[in-house]
Amino acid sequence: MPGQKEPCFSIKGLSRTYGKGSAAVHALRGIDLTINTGEMVVLLGPSGSGKSTFLNILGGLDCATSGSVNFKGADVTAMSDRELTQYRRNHVGFIFQNYNLMPGLTAAENVRLITEIAAAPMPASEALELVGLGERQDHFPAQLSGGEQQRVAIARAIAKQPDVMLCDEPTGALDSKTSQKILMAIETVAEKLGTTVVMVTHHQGIAPIANRVIRFRDGQMEREDFQENPLSAKDIEL
């Protein structure tokens, strides 16, 4: 429930418009929201509802047209390009539907790409153990299944021990059994590191694992549901 933990993000009047005049697209229309530290938030909504734009602004990958995003006392929307780079590097882990692994590098080497630039990283082997791939760290992406590649991507994201993990359709290209393994890996990492997780998905079945479910429509928050006793990822049906 709100107010039990310190805020990770405080968002006020967040809007994003692409284009001008009659061609303008209003991706976000004045979002007000607080996301608490250590919370798992699932964002649901149809394509074009604004949820991925919202996620990208939180992560410093896109800029707001108006409004503000405050991260632990720092105004992300007022940061310079250099400050945004440092913010992403030091505080944010990204997980996308596409794994974006380097095919010529092993699983461990893909993870080390992040640890070499992070301020206080965990060893690549430890990150891979956390997602259940300790015995696969010397394998190349082509030798791994889609689910294993996504778990490498998760290991890469969490190896720098980020405050925030932003997940954009992390199970979108996977079957239900593999999707459940991915969600269990994200859940394990969040509990182990105390990471705040914000996850965009189209899949209604993922909602029960969240502390909060927010439904987007037409660039606005349509509904917000708090869940005092979220299910474990291993107990949901996909």
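The chain is numbered in sequence order, starting from 1.
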Item to check | Residues that H91 engages under ring pair (Phe, Tyr, Trp, His ring centres under 6.0 Å), provided they are two or more places apart | outcome: F71
Item to check | Residue pairs passing the ring-ring contact (aromatic ring centres under 6.0 Å, His included) test where at least one lies in residues 149-180, sequence neighbours excluded | outcome: none
Checklist outcome for this item: Using a 4.5 Å side-chain heavy-atom cut-off and chaining through intermediate ILVMFWY residues, the residues clustered with I117 come out as none
Checklist outcome for this item: Residues passing the ring pair (Phe, Tyr, Trp, His ring centres under 6.0 Å) test with Y99, sequence neighbours excluded, are none
Next on the checklist: Which residue is it: L84, L58, I11? I am looking for the one with a side chain to side chain contact (heavy atoms under 4.5 Å, CB included) to V76.
Outcome noted: L84
Item to check | Within residues 167-190 or reaching into it, pairs that qualify as ring-ring contact (aromatic ring centres under 6.0 Å, His included) - sequence neighbours excluded | outcome: none
Next on the checklist: Once salt bridge (Lys or Arg N to Asp or Glu O under 4.0 Å) is applied, what residue pairs with a partner in residues 133-149 remain, sequence neighbours excluded?
Outcome noted: R136-E148
Checklist entry - So which pairs with a foot in residues 158-217 pass ring-ring contact (aromatic ring centres under 6.0 Å, His included), sequence neighbours left out? => result F54-F216
Could you go through residues 102-112 and list every donor-acceptor pair under 3.5 Å that involves a side-chain atom there, pairing it with any protein atom two or more places apart or in another chain?
from	atom 1	to	atom 2	distance (Å)
T106	OG1	E109	N	3.1
T106	OG1	E109	OE1	3.4
E109	OE1	T106	N	2.9
N110	OD1	M102	N	2.7
N110	ND2	M102	O	3.2
N110	ND2	L105	O	3.1
N110	ND2	T106	O	3.1

Checklist entry - Considering residues at least two apart in sequence or located in another chain, which fulfil the salt bridge (charged side-chain N to carboxylate O under 4.0 Å, His left out) criterion with D62? => result R16
Next on the checklist: For the CG atom on D81, are there more than 12 heavy atoms of other groups (residues, nucleotides or ligands in this structure) within a distance under 6.0 Å?
Outcome noted: no
Checklist entry - Is there side-chain contact between T171 and I206, with at least one heavy-atom pair below 4.5 Å? => result yes
Next on the checklist: Under the salt bridge (Lys or Arg N to Asp or Glu O under 4.0 Å) definition, can you give me all pairs with a residue in residues 21-44, not counting sequence neighbours?
Outcome noted: E39-R212
Item to check | ring-ring contact (aromatic ring centres under 6.0 Å, His included) partners of residues 133-178, not counting sequence neighbours, each pair once | outcome: none
Could you pull out every donor-acceptor pair under 3.5 Å between side chains of residues 183-193 and any protein atom, sequence neighbours left out?
from	atom 1	to	atom 2	distance (Å)
E187	OE1	S232	OG	3.2
E187	OE1	A233	N	3.3
E187	OE2	A233	N	3.0
T188	OG1	M184	O	2.9

